[in-house]
Structure formats: C-alpha cells, structure tokens
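Structure first, then comments.
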Number of protein chains: 2
Amino acid sequence: MNLKTAEVEKSSHLDYFNIAISVDCVIFGYDKKELEILLIKSDLKEFEGMWSLLGDLIKPNEDIESAPYRVLKERTGLEDVYLEQVHTFGSLNRHPSGRVITTAYYSLIDINHHKLQLTHNEVHWHKVGDIKKLAFDHKLILDTCLQRLRQQVMEKPVIFNLLPEKFSLRELQDLYQAILGIQLDRRNFRKKIALKEWLVDLDEMEDNVPHRPGKLYKVKLDLKPKSAKKKKKLIAFVS
Amino acid sequence: MNLKTAEVEKSSHLDYFNIAISVDCVIFGYDKKELEILLIKSDLKEFEGMWSLLGDLIKPNEDIESAPYRVLKERTGLEDVYLEQVHTFGSLNRHPSGRVITTAYYSLIDINHHKLQLTHNEVHWHKVGDIKKLAFDHKLILDTCLQRLRQQVMEKPVIFNLLPEKFSLRELQDLYQAILGIQLDRRNFRKKIALKEWLVDLDEMEDNVPHRPGKLYKVKLDLKPKSAKKKKKLIAFVS
DNA sequence: ATACAAATATGTACTATAAACACATTGATT
DNA sequence: AATCAATGTGTTTATAGTACATATTTGTAT
C-alpha cells in the first residue's frame, strides 16, 4: 500500500483510523479423547452469557505476530507453543461496539500437563463438538481454524503439544481421531506415522492400563520447535 | 475478542485506533511464458523510484473482503476474478509513515485478454523473476503469495484466468512451468491434467503456429466461478 | 516434391502410497 | 486356567507418480 505522510495526517483520526485491530486465539486442547477449546465469557451486554475466543486489541507498539503470544501468555501463562496465523476477519458489523478487524491464530496446548493459571475465572475449556454458537463471528473463526488444523495435522508435527512427553500409538491415534472427527484403521495409521519419522521408540512400556501395555514413544527432538515442509506437493509435481 | 463499549470509547483516538488497515493485491498475470505481477511506482519519498503492490486503506464502511475487489477495480477496471486472502502483515515498522497493518490478497488476470484501463500511468507489469526488491515489505508479501499460488495451482482450477478462452495443452503446461518455476514432463503433465477433469475438448485445432497444431480446450463451465476442494487430503487419510 | 524442422500425441514399466482386511500375542482380571 | 481387552503385525489390491521413446502431423526451406 502506498500512503503519503500527508495523506495519513489528513485522514488521521477522521476516517481510516476509526478501525481497531485485534487478534483472537483459537486454543485447542485435548482431554479424554475429545478436542477442546479455551473460551471466555463474553462481557458485552449484546452477547451476555455467551462464550467467546480469547483475544485482545493489538497494542500500538507490538508486532501483530507478538500479539497472540501475549494474549496466550496473559490468559494461560503459557509460552513457547506453536501459534499460526489463519485468517483475518473484517465484516462490517462483526463487532457491535464499533469497527474491529481481527486476525485469528490457532494454538495447541496440553490441558493436563501445563497447568493453566486460569486467573480469569470465566475462562473454561469446552468440547469443540458441543459448540453450536459463540459470541461475535467466533463460531466462524473456530470453524476456519479447525479446518486449518485438520489440513495441517498430517503435514506438520504440530499436535505433539497436545500429548504428554511419552505416549503410546493408541493415544496418538485417539488424538488424530478427535481432531479429524473420524475413525482410523490402526494398521494403516501406524504405517503412515512410521513413514513420517517423527517418533523415537523409547523402549518403555505403558503402565496403569488394564490390558496389554503398548510401547511408548516421544517426538524427535529436532521437530519440537518448528518445521516447515511445504515443498512436498511441489516436488510431487516434478516429473 | 471481547471489548466493552466503554473501553472502546475510552481508548478511541488515543491508542488503539492509531493503527490503520490496508489491503494489498498481488495481481499475477502471464505473458510470453513468464509470470508477471502488476506494480505501481511508490509515491513515498522513503521509497522513491521503487515499485510497490497495489493497495489502499480499508474504508470505514467496507468489508475487508470487498476492499481488494475495489482496489482491483479502481486500478485495472477488472471485476469478477478470483481473489483470495493470503496473510496479514503487521510488523511494527513496515510502513514509514505510521502504523499500518495490511492484509494481502492474490489474484490472477489475463494480461492480453482483458485490456486494462491503466489510467495510472505509473502502473506496469513486471516479470516476477526479475523482482529483487520492492517498497515496504512488499517483496515478502509477493513471496508469500507466490508460495500460496504454487500450493494451490494443482488443487484448484485457479489459473484459467491467465489463459484465453481456448488454449492448447502446451499453453497450459507453459503456464504451469512459469508459475512453478520448473520444467514438467509433457506426458505426465497431460495425464495429471486429464485426471482433474477440468477441461473440455473443443474439437478444434490451434491456428497460426509454425508447426503441427494442437487440440484446443476450454475450462469446464461449472469450474469458472469458484470451487473448493479442501477435503481431498482428509479423505485420503480415512482408511 | 522432397526433405527437414518442430511440435503433437500417445503407452508401458516401475515404484510408491492408499485402503481394506484378520489373526496371533500379551498382560491384567476373575 | 479361562476370559477380556487391547497391542502388534503383513498381504493384497487399486490408484497415482515417475521415467522414458517413437510415430505423426503440419509448416517451411530447398
């Protein structure tokens, strides 16, 4: 965008700056074989009693990419997680109090392992499957982020934030099934996961299961931070 | 995002509204076997002589999704094209005149067929391969959009806007090669395109080529508006 | 008219991945 | 010792990806 300084000054605080910008975080968790999402009670009278995503206005002195990390930190105490921008929503009337454009990010955290400091007592986990309606256009945002998560789940090792350090293949498969909302064949699933080479066999066994215990695995260390594997499709097209 | 009306009013025109929002359009064209992009001379003194993307501030009364269509219309006279949101860029100092967050869209138009009304005489086509540097963070935006285009090119029938009504398979392959930046095997390319079932055989032959003419094809009518095929990967995962 | 140049059109063998599917094994519980 | 519940594993079939060569058609130059 081209914008002369003079133009900015002329229009400043008149028209164009009458739009606020926020980020909203779709924070997925996982518990008891169900995909969950962290929500907060809306404090707008228009949406009284309804739940909404965790979000905040972007501060004038922060990068847009920093904002969702800050929100996540403030709301849950968590840092150092995978966060990805998904889409920017800016319908005219999406916010009843004024013009607010919001950029949505998604994130995945382990509900049980990281104990959240849920200082706001109006912040709670909800089963994604149960959510029919949210404040603002947050249901649309959730759906968009869930769709993105489902796309990425086989391409990148993103979901290991949802599991404890050590996990069995059954636990991993249960997680995939919760995210994708479908049942998977165990043998084919294991083959596919093996191909990815994301896991390290720990030579340990599950414990405290009322049946034959399975082997335990962990994620390969070098995958933990982040990894981009975008070129796959392209390479597949080279002949 | 939750935002009380009172809060909005309190902070209005002080902090949070000191951020402007723009859209930038990465408009791809295609000519003489090269992928091109439409650029405009920057009118900022900081970027004197440099080229930048076509963009504009979002108007207070327009949806964010409408803005890139308006920009495209204003700059090129074109309507009714494929436009897709790619990413929102909001580094602190990306704009020298103030805080501006921008949402990038990409679009594909046929340079030769639609005669642009290039009223702004500082708007010109540039070969994508030649672009080393642009004003602002526009080179980053271009790269991001090009990456997205390359991803989508095999999944969705998006690129037919870059070709005339009737085209040969060679012309189509040349286009793919220009976008992907690689050479493709003709036989495998044809097989792959045939699998997509995007084309209609017109039973006509090329004309005015100095060699054996090829068959002409057009895009299936029902694909022209838009088509979402996002579920492919997911289905592939069901076993 | 003939030969040549340049591009079209087409098929097969090999490999890799996807999908459907069944049975023996282990450990805990009774 | 028998039962239960889940683990662990392999084969077959179908589909898609990749590498690769030859005959055909048209225009052009001689």
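Hydrogens, waters and symmetry mates are skipped; everything else that's a heavy atom, side chains included, is used. Just so you know, these numbers come straight off a predicted model, no measurement behind them.
Spacing between atom CD of A/E206 and atom C1' of D/dT7 amounts to 9 Å, rounded to whole angstrom units. One interatomic measurement links the two molecules: CD of B/Q183 to P of D/dT18, which rounds to 15 Å at whole-angstrom precision. Rounding to whole angstrom units, CD of residue B/E204 and P of C/dT8 are separated by 17 Å. A/I193 has its CD1 atom 17 Å from the C1' atom of D/dT9, to the nearest Å. We find that CZ of A/R186 is positioned 8 Å from P of D/dG8, with the value rounded to whole Å. Atoms CZ (A/F189) and P (D/dT9) sit 15 Å apart, rounded to a whole Å. To the nearest angstrom, P of D/dG17 lies 13 Å from CG of B/L184. Atom CZ in A/R187 sits roughly 10 Å away from atom C1' in D/dG8 (whole-Å rounding).
The listed nucleotides are C/dA9, D/dA19, D/dG8; the one nearest the side chain of A/K215 is D/dG8.
The residue among B/M205 and A/P213 whose nearest nucleotide of DNA chain D lies closer to the 5′ end is A/P213.
Shown here is B/K218, whose NZ atom has no more than 12 heavy atoms of other residues, nucleotides or ligands within 6.0 Å.
As judged by a 4.0 angstrom heavy-atom cut-off over every strand, A/K191 is placed among the base-contacting residues.
Taking 4.0 angstrom as the limit, B/R170 places a side-chain polar atom (N or O) nearer than this to OP1 or OP2 of C/dT8. For A/R190, a side-chain nitrogen or oxygen approaches OP1 or OP2 of D/dG8 to under 4.0 Å.
The base of D/dG27 lies outside donor-acceptor range of the side chain of B/R212, with no N or O pair under 3.5 Å.
If you run side-chain contact (heavy atoms from CB on, under 4.5 Å) between A/Y105 and each of A/I141, A/I27, A/I64, only A/I64 comes through. Screening B/K33, B/R186, B/K32 for a salt bridge (charged side-chain N to carboxylate O under 4.0 Å, His left out) involving B/D174 leaves a single residue, B/K33. Tested against A/L149, the residues A/I179, A/T144, A/L180 include a single side-chain contact (heavy atoms from CB on, under 4.5 Å) partner, A/I179.
Classification of the A/Y82-A/Y106 ring pair by plane angle, with boundaries at 30° and 60°, yields tilted.
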